[in-house]
Amino acid sequence: MPTHPHHQAKAADAFTSLVDHVVQQEWDQFQDVHNEGGRAACQGNWPVFHQMRASQFLTWSMPLLQSYSDDLNYAEESGRNLLSEKYGRMMVSTAPEQFAESIAPYLATLSADRIAQQERIIATQIAWVIEFRHAYPKLGQAMRLIHTSEDSQYATSFETYLRGELSTYSARTLDYYEALIASCKRNNLNLTQETVEKTVQLGGYKDLEEAEASQ
């Protein structure tokens, strides 16, 4: 039975509202992330933060988005900051000595099963990034480095960033996220392409082709 257009519109509005709410939740926690050398410039750039995070969340399912919103709420109530934890976990690659000394003791240890689940997801997404960069080389040039092996003190790769982010998700949220990845694979969708398309559209372009041509 087809869904009534009015109900579809209401569902779309509810989803968009939740996307904006989750971006705001992240932004609030982002403001409390301690940065070596003082506050980072990006911590004061709401428009870019909103564009980059909303473009990711717009590709998600409603259950996944709600579950992650719950994670952020629970973290807040528990005195945790998921954004701080995300950036902290990235430092295992970008600043290993500092990570071992001042960050690792405060982070939960991930089980072998949990790590394996994350690495399966990461492998799929790396393949999508490589595929996207071949299809849209100019847009791809503006993206992060791809592999953890390319990390430095000054540059964090896509792989390391994703690993840090996935590590902050609750088990339920990660399961929903893995279901999203599986759905994309079944439907021959490239999640990187879907996300970057949302990014350029939020930036005022009609589509990826127009954005690529303008670079």
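The shortest distance between side-chain heavy atoms of F30 and C42 falls below 4.5 Å. At least one side-chain heavy atom of H147 sits less than 4.5 Å from a side-chain heavy atom of I130. Between D20 and H50 the shortest side-chain heavy-atom distance falls below 4.5 Å. D207 is listed as a side-chain neighbour of E210, based on a closest heavy-atom distance under 4.5 Å. Contact annotation: the side chain of E26 approaches that of F49 to within less than 4.5 Å [non-hydrogen atoms, C-beta and beyond]. Under the 4.5 Å side-chain criterion, counting only non-hydrogen atoms from C-beta, Y68 is in contact with F57. Side-chain contact between Q117 and D175 is present, with heavy atoms from C-beta onward closer than 4.5 Å. Here the side chains of M143 and T192 are in contact, with some heavy-atom distance below 4.5 Å.
A donor-acceptor pair shorter than 3.5 Å can be found between the side chains of T173 and S170. At a cut-off of 3.5 Å, with distance as the only test, no side-chain donor of Q215 or Y136 sits close to an acceptor on the other residue. In the model, D151 has a side-chain atom that pairs as donor or acceptor with a side-chain atom of S93 under 3.5 Å.
Hydrophobic clustering, with ILVMFWY side chains joined whenever heavy atoms are under 4.5 angstrom apart, keeps Y87 apart from F99. A chain of hydrophobic side-chain contacts below 4.5 Å, direct or via other Ile, Leu, Val, Met, Phe, Trp or Tyr residues, connects V33 to V22. When hydrophobic clusters are built by joining Ile, Leu, Val, Met, Phe, Trp and Tyr residues whose side-chain heavy atoms come closer than 4.5 Å, directly or via intermediates, L139 is not grouped with L189. Both V19 and W27 belong to a common hydrophobic cluster when Ile, Leu, Val, Met, Phe, Trp and Tyr are linked at side-chain heavy-atom distances under 4.5 angstrom. No continuous path of ILVMFWY side-chain contacts below 4.5 Å connects I146 to M52, so the two sit in separate hydrophobic clusters.
To the nearest 0.5 Å, atom CD of residue Q201 and atom NZ of residue K206 are 10.5 Å apart. Between the CD atom of Q31 and the CH2 atom of W46 there is a distance of 9.5 Å, given to the nearest 0.5 Å. To the nearest 0.5 Å, atom CD of residue E131 and atom CD1 of residue I126 are 13.5 Å apart. To the nearest 0.5 angstrom, I181 atom CD1 is 9.0 Å from K185 atom NZ. One distance of note links CD1 of I103 with CE of M91; it measures 3.5 Å at 0.5 Å rounding. Taking OH of Y161 as the reference point, atom OG1 of T94 lies at 13.0 Å (rounded to 0.5 Å).
At distances below 3.5 Å, not a single donor-acceptor pair connects side-chain atoms of S84 with backbone N or O atoms of R80. Put simply, the side chain of E76 never gets that close to the backbone of N81: no donor and acceptor are under 3.5 Å apart. T16 places a side-chain N or O within 3.5 Å of a backbone atom of A12 that can act as its donor or acceptor partner. A donor-acceptor contact shorter than 3.5 Å links the side chain of Q29 to the backbone of L82. Looking only at distances, a side-chain donor or acceptor of E212 sits under 3.5 Å from a matching main-chain atom of K138. Between the Q25 side chain and the S69 main chain, a donor and an acceptor come within less than 3.5 Å of each other.
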_Apply side-chain hydrogen bond (donor to acceptor under 3.5 Å, both in side chains) to residues D28 and Q24 and explain how you reach the verdict._
CA-CA 6 Å; D28 291 343; Q24 185 66 56; 2.9 Å; yes

*Taking it one step at a time, do L110 and S167 satisfy side chain to side chain contact (heavy atoms under 4.5 Å, CB included)?*
CA-CA 8 Å; L110 303 176; S167 296; 3.6 Å; yes

*Determine, step by step, whether Q125 and F158 satisfy the side chain to side chain contact (heavy atoms under 4.5 Å, CB included) criterion, reporting the C-alpha distance in whole Å, the side-chain angles of both residues, the deciding distance to 0.1 Å, and the verdict.*
CA-CA 9 Å; Q125 291 202 238; F158 170 83; 4.0 Å; yes

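In summary, R163 and E119 engage in a salt bridge, as defined by a charged side-chain N under 4.0 Å from a carboxylate O. A salt bridge links E165 and K86; the closest N-O separation between the charged side-chain nitrogens and carboxylate oxygens is under 4.0 Å. Look at D70 and R172 and you find a salt bridge, because one of the NZ, NE, NH1 or NH2 atoms lies within 4.0 Å of a carboxylate O, short of that distance.
Across all their heavy atoms, S55 and L202 have their closest contact at N-CD1, 3.9 Å. Residues Y205 and S214 share a closest heavy-atom pair of OH-OG, 3.1 Å. Scanning all heavy atoms of the two residues, the minimum distance from Y176 to S67 falls at CD1-CB, 3.8 Å. Closest heavy-atom contact between L208 and Q193: CD1-CG, 3.5 Å. Heavy-atom minimum distance, P105 versus S102: CD-C, 4.2 Å.
Residues forming a side chain to side chain contact (heavy atoms under 4.5 Å, CB included) with L145 (at least two apart in sequence, or on another chain): E150, A155, S157. Scanning for ring pair (Phe, Tyr, Trp, His ring centres under 6.0 Å) contacts around W128 gives an empty result, with sequence neighbours left out.
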Compile the donor-acceptor pairs under 3.5 Å between side chains in residues 58-65 and protein atoms, sequence neighbours left out, one pair per line.
from, atom 1, to, atom 2, distance (Å)
T59, OG1, Q56, O, 2.7
S61, OG, L64, N, 3.2

